[in-house]
> 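Sending over a structure as structure tokens; questions will come in a sec.
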Amino acid sequence: MTWVDGVYRQVYNDGFLFTKSHLYVSDIASRNIQIPMLQLMKVHPENPIEFSYAGRISVKPYGDKRLIGDIQKDPNKKIHDCVSILFCPPNYKLRNGVENFVVENGYKLPGKNYDLTIGYLEGDEIYICWAGTSNLISHLEPPIIPFHIIDSLLSKPEVIHHNCKSFEVLGKVDLENNILIQTANIIATRLEERFHTKIFIRR
């Protein structure tokens, strides 16, 4: 890790990078909204990842000077081995083919409960720390991943509307404790399968 000309840099050779952020979309009744999103990137030893910060987070393959779009198009999936997890409001439709599951009554508005759809998008669709806002990124070892998912759900992430002048909360992810733990385990199991990496301690 080092500071060079006001830029902080760190190179990772293993583990996972985890970020908690929002995805901007504008296709719901022509409104600009921010959907809660978690992202997890597996770092492969043969393809180290460089984290840098100079007022904005950047996560790119070490030494790679290409534009983000070119990195996304790279046929080597280990270059950007990432999954984005979206917590979708009830009127947001994921495109056909996106893997998802539904949590009953997991999305709440004042006085109303709706089902929450959780969708998984592959790394070539949303670049980590790029298609939204992210001020929090962590370097995790596999067994710690479920705890970060639980912590993210406990924070009751909000769907926010921005009308260019102010922000309005449209609803939030709000799960009962037993459902929250179950949901976090479902997400972590899906990630374990996706990354072919042991996450849970099994005796």
Side-chain angles (χ1 to χ4, degrees), residues 16-42 57 59 82-123 125-138 140 142-163 166-195 199-200:
F16 287 82
L17 296 179
F18 176 94
T19 184
K20 177 180 177 181
S21 57
H22 282 82
L23 175 69
Y24 286 109
V25 295
S26 58
D27 58 348
I28 301 178
S30 298
R31 294 185 299 184
N32 295 317
I33 68 167
Q34 301 173 27
I35 294 177
M37 175 174 67
L38 304 178
Q39 291 182 292
L40 195 71
M41 172 187 279
K42 182 175 182 178
I57 289 174
V59 177
C82 175
V83 168
S84 301
I85 304 166
L86 298 181
F87 299 94
C88 304
N91 55 347
Y92 181 74
K93 303 299 181 185
L94 291 162
R95 66 163 177 76
N96 291 336
V98 174
E99 183 176 350
N100 65 83
F101 72 96
V102 174
V103 181
E104 293 185 3
N105 299 318
Y107 182 85
K108 292 186 172 56
L109 291 168
K112 296 181 180 179
N113 293 346
Y114 295 92
D115 291 346
L116 171 70
T117 299
I118 300 177
Y120 300 89
L121 278 73
E122 291 296 321
E125 297 189 57
I126 304 177
Y127 194 86
I128 192 167
C129 292
W130 176 63
T133 57
S134 178
N135 296 314
L136 174 65
I137 188 165
S138 304
L140 305 180
I144 308 303
I145 291 171
F147 298 102
H148 276 248
I149 296 171
I150 290 170
D151 183 67
S152 298
L153 292 173
L154 283 171
S155 71
K156 300 182 180 180
E158 298 172 331
V159 174
I160 300 169
H161 170 227
H162 183 226
N163 63 9
S166 61
F167 293 91
E168 172 193 6
V169 176
L170 297 182
K172 62 183 178 180
V173 178
D174 190 352
L175 310 178
E176 300 295 333
N177 286 344
N178 59 328
I179 301 299
L180 187 151
I181 299 298
Q182 181 182 1
T183 300
N185 285 338
I186 291 172
I187 294 172
T189 299
R190 171 65 182 86
L191 295 173
E192 189 176 57
E193 295 169 353
R194 162 62 176 76
F195 291 111
I199 292 177
F200 292 102

> Take Phe18 and Ser152 through the side-chain contact (heavy atoms from CB on, under 4.5 Å) test and state the conclusion after the steps.
CA-CA 11 Å; Phe18 176 94; Ser152 298; 3.8 Å; yes
> As an exercise, state the distance from CD1 of Ile118 to CD1 of Ile85, rounded to the nearest 0.5 Å.
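Taking CD1 in Ile118 and CD1 in Ile85, the distance rounds to 8.0 Å.
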> Test Thr189 against Phe200 for side-chain contact (heavy atoms from CB on, under 4.5 Å), laying out the working first.
CA-CA 8 Å; Thr189 299; Phe200 292 102; 3.4 Å; yes
> Taking all non-hydrogen atoms of both residues, which atom of Cys88 and which atom of Leu116 are closest, and how far apart?
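Smallest heavy-atom distance, with atoms named: O-CD1, 3.5 Å.
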> Any non-hydrogen side-chain atom of Pro36 less than 4.5 Å from a side-chain atom of His22?
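In short, these two side chains touch, coming nearer than 4.5 Å.
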> Any sub-3.5 Å donor-acceptor pair from Gln39's side-chain atoms to Cys82's backbone N or O?
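Here the side-chain-to-backbone pair does not exist.
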> Is Arg95 paired with Glu125 through a side-chain N to carboxylate O contact shorter than 4.0 Å?
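So Glu125 pairs with Arg95 through a salt bridge.
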> Would you compute the distance between atom CD of Glu104 and atom CG of Asp115 and round it to the nearest 0.5 angstrom?
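Between atom CD of Glu104 and atom CG of Asp115 there are 5.5 Å.
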> Determine, step by step, whether Thr183 and Phe101 satisfy the side-chain contact (heavy atoms from CB on, under 4.5 Å) criterion, reporting the C-alpha distance in whole Å, the side-chain angles of both residues, the deciding distance to 0.1 Å, and the verdict.
CA-CA 10 Å; Thr183 300; Phe101 72 96; 4.0 Å; yes
> What's the separation between atom NZ in Lys93 and atom CG in Asn100, rounded to the nearest 0.5 Å?
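It is 10.5 Å, given to the nearest 0.5 Å.
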> For the backbone of Asp174 and the side chain of Lys156, can you confirm whether one donor and one acceptor N or O come within less than 3.5 Å of each other?
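Side chain of Lys156 to backbone of Asp174: no pair is present.
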> Do the side chain of Asn105 and the main chain of Val103 share a donor and acceptor less than 3.5 angstrom apart?
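Flag not set: sc Asn105 to bb Val103 has no pair under 3.5 Å.
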> With side chains defined as the heavy atoms from C-beta onward, is the minimum distance between Val25 and Tyr92 less than 4.5 Å?
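The answer is yes, as the side chains (C-beta and beyond) meet within the 4.5 Å cut-off.
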> Using the rule given for side-chain contact (heavy atoms from CB on, under 4.5 Å), can you reason through Ile126 versus Met37, listing the C-alpha separation, both sets of side-chain angles and the distance that settles it, and then say yes or no?
CA-CA 11 Å; Ile126 304 177; Met37 175 174 67; 4.1 Å; yes
> Donor-acceptor pair, distance only, cut-off 3.5 Å: does the side chain of Lys42 make one with the backbone of Phe195?
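Yes.
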> Looking at Ile160, is its backbone amide N or carbonyl O close enough to the side chain of Gln34 to form a donor-acceptor pair, meaning the two atoms are under 3.5 Å apart?
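Looks like no, no N/O pair under 3.5 Å.
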> As a test of understanding, state which of Leu38, Ile150, Ile149 forms a side chain to side chain contact (heavy atoms under 4.5 Å, CB included) with Ile187.
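Of all the options given, the one that passes is Ile149.
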> Mind listing the closest non-hydrogen atom pair of Ile199 and Ala188 along with its distance?
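Nearest pair, atom of Ile199 first, then Ala188: CD1-O, 3.7 Å.
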> Could you tell me if the side chain of Val169 sits less than 4.5 Å from the side chain of Val159, heavy atoms only?
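The answer is no, as the side chains (C-beta and beyond) never meet within the 4.5 Å cut-off.
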> Quick check with a 6.0 Å cut-off and a 45 degree axis cone: is Arg190 positioned over the face of Tyr120's six-membered ring?
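Ring-cation test returns yes.
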> Rounded to the nearest 0.5 Å, what's the gap from CG on Leu109 to CG on Leu170? Could you check?
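The distance works out to 7.5 Å.
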> If I take atom CD from residue Glu176 and atom CD from residue Gln182, how far apart are they, to the nearest 0.5 angstrom?
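If we round to the nearest 0.5 Å, Glu176:CD and Gln182:CD are 12.5 Å apart.
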> For atom CG of Asn178, decide whether the heavy atoms of other residues, nucleotides or ligands shown that lie under 6.0 angstrom number more than 12.
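Yes, enclosed.
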> Could you measure the distance from the OG atom of Ser138 to the CG atom of Leu40? Nearest 0.5 Å is fine.
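Reported to 0.5 Å precision, the distance equals 10.5 Å.
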> Look at the side chain of His162 and the backbone N and O of Tyr24, then say whether any donor-acceptor pair between them is shorter than 3.5 Å.
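Checking the backbone N and O of Tyr24 against the side chain of His162, no donor-acceptor pair under 3.5 Å is found.
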> For a quick test of reading the model, state the closest non-hydrogen atom pair linking Met41 to Val59 and the distance between them.
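Answer, listing the atom of Met41 first, then Val59: SD-CG1, 4.0 Å.
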> Taking C-beta and beyond as the side chain, do Leu121 and Val83 meet within less than 4.5 Å on heavy atoms?
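In short, these two side chains do not touch, never coming nearer than 4.5 Å.
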